[in-house]
Amino acid sequence: MNSDSGIQNQNTRLLDFTARFLQENGALIEQVSRGVTALLPEELAQRLGTQEYITLCTLQDQEKAVDLSGGSDRSVRVYPIHFGAPLLDKILGFTTENPPLLHVALNFFYLKSGGFDNLVRQQFEWHKATGSVTSFGQIHTRYFLLNCKYLAQSDEQKEGRFDLAANLDSGAVIPGMTSDFAGIDKEFKKTGTIKFSENMQTRLRHLVRVYGKEAVEQEIVPFKSSMNRRYARDAKSLDAYYNALTEEMASSLERANMSDALKADRKEKITMIPEELAAKKKDLLNKYRIRITISLAGAMAVTSPAVKILFTASVGRKRKTLSLIYNPVTKRFDPLVCESCHQSMYQITFGNDLGILCHTCHGN
Amino acid sequence: MAKSKTDKNKKKKAALQKRKNQAQQIASREKGFYFLDLAYDSVAGGNLEKALTAVTRAEKLLPPDPALYKLMADIGERSKNIDIKVRAMEKLHEMDVLPKEFIPILIFHLHETGQFSKALKLGHPVLKALARSRGKKQMQLHQELAALLSACEFKLQVSENLSRKPARPEQTRQNPPPERYPDKPKPVSGAARPTAPTKPDPKTRSREKPVKISVDYDLDLPAFDAILSGPEPADPAAYELALESHEIRLQESFDILVCLPSLSQVRSFWYQEETAKKVLKRFRGRALLSDEVGLGKTIEALMVLSEYKKRGMVKTALILTPTPLVSQWKEEMAVKFGLDVPSTDDPGFTSGDRAFWQAPFVLASINQAKSKKNFDLVTEKNWDLLIVDEAHHLKNKVTLNWKLVNSIQKKFILLLTATPVENNLMELYNLITLLKPGQLETAGSFREKFMTRGDPTDPRNKALLRELLSEVMIRNTRALAGISIPPRFAQTVRIEPSRQETAFYERLESLITFMNARTEGHGKMLVKHLLAQAGSSPSAVASTLDNMLLNNKYPAEFHDELIAVKTLCRTSVDTTKNKALLQVIRSAKEKIIVFVKYKGTVTHLAEFLEWHGISFSLFHGSMDNAAKDREIKAFQEGNQVLVTTEIGGEGRNLQFCNRMINYDLPWNPMKIEQRIGRIHRIGQEREVHIFNFCAKGSIEDHILDILDRKINMFEMVIGEIDMILGRIRGEKEFSDLVYDMWVTAGSEEERKKQFNNLGTRLKRARTGYEKTKELDETLFGDTYEL
């Protein structure tokens, strides 16, 4: 791929983004031959530190871009948009300042109305239990989609994004829901707030810590391995250097013309070498240590029709009725949640009191 | 008989069938070749879709042919169809005709297409073969391949875990039944008692379990709290924009300096930005910045600091400089980078103050940092970034300077010096060892490999040395930076003071001597101030004396003398100095900037110029920005003269003017340099003419004599004077040296002698600097440029 055309495509995309931001914030936009002209509301112009009538263009088109206002200083009205451009940087600062929360209601033309036994059998595994679906009915359930980003910093940095979806009613993390979302009929709500209880807030943060960590671990495998490699290489270099230094200094003690005082001084320096090496390695460990911060880029509070299934499990002579949620987005059941560690799970074990547990908690 | 007929018929049929099959095969092959030719033609014609169809059909009709699969791989490459490319490469590999250098590429593509098992199967033998190689490229490839295979293993594990149904709990029980796996082996009767463990053999140290770096996770709680607090719902378009913004931010690597948009007061050059990127990306925060003088190493270092700070990778930083440069760094950091950091120059600084060193960003003189009271405080803290200016002061390993920097705990370190080697290559060794111990091996090994007996500045094995240095060093030259500014010329205008002016000067001097003696040197600041003001104008002195008299902050015995001197300040504006000024302005017939130190002198000159009908603009710190802009515009568009204090023109383009007058002279040559730098800078197209005014026999006269006549400072390249002063400076500022000589000298003869000595020292320092410059140019040339 021609690198110039790649850059041009990128810059065009950035230009488009900037134009949409301005339009979204009340500006009038007009496409011209080598860019976009924009008439900004006064408040927006002040916020961005620009004039009200400006031209946006790619870097390549900077000289040829239309400047309709005239006047001697073109630089106050014609803004090239590219990575690192001051105006783009300001806009990115505004758009990422506060993570937005979207309220969405999903609509489905058709909800599954049968075949749940089969689906339960496929998805769930019941340890020392059997069961069957006893009844089901349509409900509305609430999901929370978290658009997260991570920043891994060592002596370099790596950033990325991942998404998590959780059922607010059960607390389960729903695998695959964020990727299945795009083609579904949605209705956006512009009023009303959602209150999260303290418990729910703690729970959500915990979910992000646990599942976010899993998501990030996969992404940073090459990064982590690179930092470990660099550390190993630098530590090996240090070892080799200090070993050689020790040998050199030790062999210099055998020189005939060395005074006792100098020998004593040198011996003392040799004994201090391991401490110095340890300090340098500690510096290296600190340098390559990876610090990962997980933050929120946005979130979506989703209300969706779903099907609630009552599943009666037989555990020996005892019976337990469980609620399972059929998720029309993923077309699967949402996982259940371990009553002990709150891990989402499809392999279910029952405790003595018929509480549902994951294998690890049951084993403990 | 019948049997043989049947057999014959059978044979005939078989032969016919065989011929038929052969004909079919030939026909198929013909067809196959037809499609193969079609595929070649289609590739040449740019029709990749047709080419792919043709080559796929050819594959079905022809026996395995390397040429066919090579074409298929080419089509896959051109049409970005990885699957086709991989398939073709696999076939070539099976036929054992895939060149060895392409196997890692195939492994990479298998990984890309999720074929982890195949990647692993192919990769392990290659890895083993590479492990035996010695070449640098092979070793690098080995590392990259190992990482790739590790990722494949992990991803394979993950996908297997996801697809596999977990086994029943009994099968995954962690603790096996004790009767099958005893914890300890039963002792064998008669076995020898185990011996004590021996010390680990250094050679086997490498087989010890490697230390893994830690990974710490944290949540950005405020961001979560903002969402979970139940804010008003966002607009879908705003939501999309927010997510897209994050995607855009993700694409900003160290290829883009995110700090640049916020550095509005810095006019950075392309080579400075590239240097900062190289330090961040390639040297990963540990570098020796050894640009030639005047190219802005300070800006480069502060750009690296700002970038790391903006990205959150540096939260603490220590900047160490020679004592006289602390104030310069402080000003540059505050004005250009918006970094207002505590420094050892601050009035409130106390040596040994723990709280001072605990601040996140600290600017300190290296002498303070290495002192007994502060050494432990500095070295016990973990600094993210350490910057050391004038790092050639660390050239000797036995000095406390070197030991301090070596002991400081830091992640990143930048050493700044225009002269990394002054007398001996070991100086360079000592600097590099601070950055990366072992980079140049041990001292003995370095001497053996790289130094020539008898000439400590002539390196051997230059190619190898160059390779090692290029991993940690950048040295940009003026040629690379494209900095070409017309020369500058200076003229000293010595003014014979009038009788009145002489009387004033003499009276003031005696007052100063009296004050100095009575206060036992404690009134040094005030005395120095008055002396400097006397070199500017009587009006400047008058304003200080007015303040003293108003505030009554002086011993009573000085009162009469103060009044007497103040009376002598009341001269007319037509001093001999002003007459000389008028002469220069009128003969120039062009725009001219007049630099003065004191606002009192600005007012004095404004009155004078107005009286003589010279059009002028004024510029000083008390004006607001709008007024400053107006005055500069008026100077540019009409007025002939700009009278300005030291801040004059900072951040403004004054290169349309090529003449300046130092109406008074700062005692610090760096300040003189800064004034000249307002017009003698990139963008200046004409030769710059500097007129230095001084009264005959004054302290400024002596200073000019040294700087101009002895070392020709005004015709030097920007920044060189600092290099020369650095050689004689020690702990005292130049202005303090000069002041001390002036007030302590018992007679004019002694004064002259002391100034002569200073001049000689400077001359020697200049010679030494030029030798070092020549040496470094020979050693490094343009090899370490960007």
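Lettering of chains follows the sequences in order, A, B, ..., and the numbering in each one begins at 1.
- The backbone N or O of B:Ala237 sits nowhere less than 3.5 Å from a side-chain atom of A:Glu24 that would complete a donor-acceptor pair.
- Residue A:Leu151 touches chain B through its side chain alone, counting heavy-atom pairs closer than 4.5 Å.
- Salt bridge B:Glu244/A:Arg20: present, at least one basic N to carboxylate O contact under 4.0 Å.
- Residue contact with chain B, scored on non-hydrogen atoms closer than 4.5 Å, involves the side chain of A:Tyr231 exclusively.
- Side-chain contact between B:Pro233 and A:Met300 is absent, with no heavy atoms from C-beta onward closer than 4.5 Å.
- For the set A:Ser252, A:Gly160, A:Ala279, the count of heavy-atom pairs under 4.5 angstrom toward chain B peaks at A:Gly160.
- In this structure, chain A has heavy atoms under 4.5 Å from both the backbone and the side chain of B:Asn406.
- Here the side chains of A:Phe223 and B:Val215 are not in contact, with every heavy-atom distance at 4.5 Å or above.
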- prompt: Is there a side-chain contact (heavy atoms from CB on, under 4.5 Å) between B:Leu228 and A:Glu198 once you walk through the steps?
  reply: CA-CA 9 Å; B:Leu228 298 177; A:Glu198 277 298 321; over 6 Å; no

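- B:Glu232 contributes atom CD, which lies 10.0 Å from atom CG of A:Leu101 (distance to the nearest 0.5 angstrom).
- Within the 4.5 angstrom heavy-atom criterion, only backbone atoms of B:Ile408 (N, CA, C, O) approach chain A.
- Residue A:Leu14 touches chain B through its side chain alone, counting heavy-atom pairs closer than 4.5 Å.
- Highest contact tally toward chain B, considering only A:Ala299, A:Ser154, A:Ser237, is held by A:Ala299 [criterion: heavy-atom pairs under 4.5 Å].
- Residue contact with chain A, scored on non-hydrogen atoms closer than 4.5 Å, involves the backbone of B:Glu441 exclusively.
- Contacts between A:Leu87 and chain B at a heavy-atom distance below 4.5 Å are absent for every atom of the residue.
- Listed by chain and residue number, nothing satisfies the side chain to side chain donor-acceptor pair (under 3.5 Å) test with B:Arg282 (two or more places apart in sequence, or in another chain).
- Counting heavy-atom pairs closer than 4.5 Å to chain B, the top residue among A:Met227, A:Lys189, A:Lys280 is A:Lys280.
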- prompt: Between B:Leu221 and A:Arg205, is a side-chain contact (heavy atoms from CB on, under 4.5 Å) present by the stated rule, with each step listed?
  reply: CA-CA 9 Å; B:Leu221 288 174; A:Arg205 281 191 211 102; 3.5 Å; yes

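- For the atom pair OH (B:Tyr239) and NE2 (A:His103), the distance works out to 12.0 Å, reported to the nearest 0.5 Å.
- Shown here for A:Ala297 and B:Ala242, the closest heavy-atom pair between the two residues is O-CB, 4.4 Å.
- Remark: B:Leu219 CG to A:Ile292 CD1 distance equals 11.5 Å, nearest 0.5 Å.
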Derivation and outcome, side-chain contact (heavy atoms from CB on, under 4.5 Å), residues B:His246 and A:Thr96: CA-CA 7 Å; B:His246 286 288; A:Thr96 56; 3.6 Å; yes

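- For B:Thr433, the part sitting under 4.5 Å from any heavy atom of chain A is the side chain, from C-beta outward, and nothing else.
- Side-chain atoms of A:Phe144 and B:Ile227, non-hydrogen and from C-beta on, do get closer than 4.5 Å to each other.
- Screening A:Arg13, A:Arg161, A:Lys149 for a salt bridge (charged side-chain N to carboxylate O under 4.0 Å, His left out) involving B:Glu247 leaves a single residue, A:Arg161.
- A salt bridge links A:Arg289 with B:Asp216: at least one charged nitrogen is closer than 4.0 Å to a carboxylate oxygen.
- Proximity to chain B is absent for every atom of A:Ala240, based on heavy atoms less than 4.5 angstrom apart.
- Nearest heavy-atom pair, B:Tyr217 versus A:Ile294, reported as atom, atom and distance to 0.1 Å: CD2-CD1, 4.2 Å.
- Between the CD atom in A:Gln201 and the CG atom in B:Asp225 there is a gap of 7.0 Å [rounded to 0.5 Å].
- Residue A:Lys282 touches chain B through its side chain alone, counting heavy-atom pairs closer than 4.5 Å.
- With chain A as partner, the option from B:Ala443, B:Ser245, B:Gly444 having the largest number of non-hydrogen pairs under 4.5 angstrom is B:Ser245.
- Between B:Thr442 and A:Tyr241 the shortest heavy-atom distance is CG2-O, 3.8 Å.
- Interatomic distance, B:Phe283 CZ to A:Asp155 CG, rounded to the nearest 0.5 Å: 13.5 Å.
- Contact count versus chain B (heavy atoms, under 4.5 Å) is highest, among A:Leu285, A:Leu102, A:Thr293, for A:Leu102.
- Looking at A:Glu97, there are no atoms closer than 4.5 Å to chain B (heavy atoms on both sides), in backbone or side chain.
- Most heavy-atom pairs under 4.5 Å with chain A: of the set B:Gly285, B:Ser407, B:Ala226, B:Gly312, this distinction falls to B:Gly312.
- B:Asp384 contributes atom CG, which lies 12.0 Å from atom NZ of A:Lys287 (distance to the nearest 0.5 angstrom).
- In terms of heavy-atom pairs under 4.5 Å with chain B, the best-connected choice from A:Glu248, A:Glu159, A:Arg233, A:Arg291 is A:Glu248.
- Options A:Leu92, A:Thr95, A:Leu238, A:Asn286 differ in how many heavy-atom pairs under 4.5 Å they form with chain B, and the most are formed by A:Leu92.
- In this structure, chain B has no heavy atom under 4.5 Å from any part of A:Asn98.
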- request: Please assess A:Phe188 against B:Asp235 for the test side-chain contact (heavy atoms from CB on, under 4.5 Å), listing each intermediate value before the final yes or no.
  value: CA-CA 8 Å; A:Phe188 298 104; B:Asp235 189 69; over 6 Å; no

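- Contacts between A:Tyr288 and chain B at a heavy-atom distance below 4.5 Å involve backbone atoms as well as side-chain atoms.
- Heavy atoms only, all atoms of each residue included: B:Ala234 and A:Pro100 are closest at CB-CB, 3.6 Å.
- In this structure, B:Lys436 contributes its side chain and A:Asp234 its backbone to no donor-acceptor pair below 3.5 Å.
- Contacts of A:Asp265 classified as salt bridge (Lys or Arg N to Asp or Glu O under 4.0 Å), with partners at least two apart in sequence or in another chain: A:Lys269.
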